[in-house]
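Got a structure here, written out as structure tokens. Questions coming.
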Amino acid sequence: MPSLKEIKNRIASVNSTRKITSAMKMVASSKLHHAQMAIQNMLPYENLLEHILKSFLVSTPNIDSPLASSHKEIKRVAIIAFTSNSSLCGGFNNNVLKELQTVVDNYQASGVEDIMVYPIGRKVEDYIKKHSIKSGGSFLDLAEKPNARECGNIAQELMNKFLAGELDKVDLIYHHFKSAGSQILTCKTMLPIDLSTESIGTENDRDLTSNVATAKAQEYLRQKDEERVAKVEAVKPLNDDFIVEPNLESVLDSLIPKQLNLMVYTALLDSNASEHAARMVAMQTASDNADELLRQLSLQYNKSRQQAITNELLDIVGGSANN
């Protein structure tokens, strides 16, 4: 049995660790709030762009865009993978890396050898270097500070390569932020873009009203989600009096690249919010485990102290009886 001093030292050590995890949880909670605000500020633009794009697509259902045309053979593939620059966020990074490896293995099994990964975050960048996977560049700052302009540059580069025939397909791997306690690992195709009206706006299911991830809060959000009636805006063709210049096709050629830029930026914002949410939950779990460990150590300390006092009393009583 450990001595009282050893137990005391362990209690002090666990207390110190708990202070760190509690502070990290509060920092992650603050960063999550800012990340949620960034998504909230992006939503009006996203919703309006979706409305315009859907309306145009209903008006011209048989549009033929080179960015929506699938190539006959898939030989060259690019993957944009989103992770964080730091750890201590549970399985957030490992889930993305496992999904990335699965996607790469599937492509290689189907005969695709030219695979390039655009790593957003230090964890995925280190991973592809370790596994000798072709990299599309370094974007460490982008993982810490989301930037719409840099996301647009990445999307534009991929669009140019796709149109030039240097790429046959582009995939996105990231965590879709649904709520503070739910982040869904997502792998979807960016190019060729899916222009069906059913596919546009399917990810507008985020809950940005809370950054609490306790069991009770999640149960409340789940019940709230069940009771909520989905309000789907009816998409109607453009009014005949609506003048589009020079023509619908030219306007769509401008809208589709904007939608692709938005896909990359939205994935980055989702990934950023998911990282902070995962770290907040991980630190909350660590703090809870520390509380349980402190309770057990305190009980063990009190038992050992009580045993030591009992032994001393027995020694005194035994000494008195001998005298």
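Note that the structure is a prediction, hence the values are computed from the model and not measured.
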Under the side-chain contact (heavy atoms from CB on, under 4.5 Å) criterion, do Phe82 and Leu268 qualify, and how do the steps go?
-> CA-CA 7 Å; Phe82 297 82; Leu268 178 60; 3.8 Å; yes
Check the side chains of Asp270 and Tyr265 for a donor-acceptor pair under 3.5 angstrom, ignoring hydrogens and angles.
->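 There is no such pair between these side chains.
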Hey, does the side chain of Ser182 reach the backbone of Lys178 with a donor-acceptor pair shorter than 3.5 angstrom?
->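 Absent.
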For Arg122 and Ser86, does a side-chain donor sit closer than 3.5 Å to a side-chain acceptor?
->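 No, no side-chain donor-acceptor contact under 3.5 Å.
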Walk me through it: do Val170 and Ile79 pass the test side-chain contact (heavy atoms from CB on, under 4.5 Å)?
-> CA-CA 6 Å; Val170 180; Ile79 303 170; over 6 Å; no
Does one side chain, of Ser287 or Ser22, offer a donor that lies under 3.5 Å from an acceptor on the other?
->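 Looking only at side-chain atoms, Ser22 and Ser287 do not form any donor-acceptor pair under 3.5 Å.
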Give a yes or no on whether the backbone of Lys25 and the side-chain of Ser29 come within a donor-acceptor separation of less than 3.5 Å.
->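 No; judged by distance alone, with no hydrogens or angles, the pair does not exist.
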For residues Asp288 and Gln284, is any side-chain donor paired with an opposing acceptor at under 3.5 Å?
->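 The answer is yes; a qualifying pair exists.
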Decide, yes or no, whether a salt bridge links Arg279 with Glu275 under the criterion of side-chain N to carboxylate O below 4.0 Å.
->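 Salt bridge: yes.
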What's the verdict on ring-ring contact (aromatic ring centres under 6.0 Å, His included) for Phe92 and His175, showing C-alpha distance, side-chain angles and the deciding distance?
-> CA-CA 8 Å; Phe92 174 80; His175 279 88; 4.6 Å; yes
Take atom CG of Asp141 as the centre, draw a 6.0 Å sphere, and report whether it contains more than 12 heavy atoms from other residues, nucleotides or ligands.
->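 For Asp141, atom CG is not crowded (no more than 12 foreign heavy atoms under 6.0 Å).
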Check whether any side-chain N or O of Asp171 sits under 3.5 Å from a backbone N or O of Cys187 as a donor-acceptor pair, and report yes or no.
->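 A pair under 3.5 Å: no.
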Does Thr310 reach the main-chain N or O of Gln306 with its side chain, forming a donor-acceptor pair under 3.5 Å?
->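 Side chain of Thr310 to backbone of Gln306: a pair is present.
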Hey, mind stepping through Asp291 and Arg18 against salt bridge (Lys or Arg N to Asp or Glu O under 4.0 Å) and telling me if it holds?
-> CA-CA 8 Å; Asp291 288 337; Arg18 191 198 176 284; 2.4 Å; yes
For Asn153 and Glu157, does a side-chain donor sit closer than 3.5 Å to a side-chain acceptor?
->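 There is no such pair (donor and acceptor under 3.5 Å, judged by atom type) between the side chains of Asn153 and Glu157.
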Taking atom types as modelled, is there a side-chain donor on Asn93 or Ser87 under 3.5 Å from an acceptor on the other?
->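 Absent: no donor and acceptor within the cut-off.
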Can you list the residues that meet the side-chain hydrogen bond (donor to acceptor under 3.5 Å, both in side chains) rule with Thr17, with sequence neighbours excluded?
->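 Expected list: none.
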Derivation and outcome, side-chain hydrogen bond (donor to acceptor under 3.5 Å, both in side chains), residues Ser135 and Glu125 = CA-CA 8 Å; Ser135 174; Glu125 184 172 319; over 6 Å; no
Please work out which of the three classes, parallel, tilted or perpendicular, describes the rings of Phe162 and His71, given edges at 30° and 60°.
->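 Geometry flag for Phe162 against His71: parallel rings.
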Side-chain H-bond candidate by donor/acceptor type, Gln296 with Glu292, under 3.5 Å =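 The answer is yes; a qualifying pair exists.
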Count the heavy atoms belonging to other residues, nucleotides or ligands that lie under 6.0 Å from NZ of Lys258, then report whether that count exceeds 12.
->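 No, the 6.0 Å shell around NZ holds no more than 12 heavy atoms from other groups.
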Any side-chain donor-acceptor pair under 3.5 Å between Glu99 and Asn95?
->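 Judged by distance alone, the side chains do not pair up.
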Evaluate salt bridge (Lys or Arg N to Asp or Glu O under 4.0 Å) for Asp168 paired with Arg76, printing each intermediate quantity in order.
-> CA-CA 5 Å; Asp168 299 316; Arg76 297 168 295 274; 3.5 Å; yes
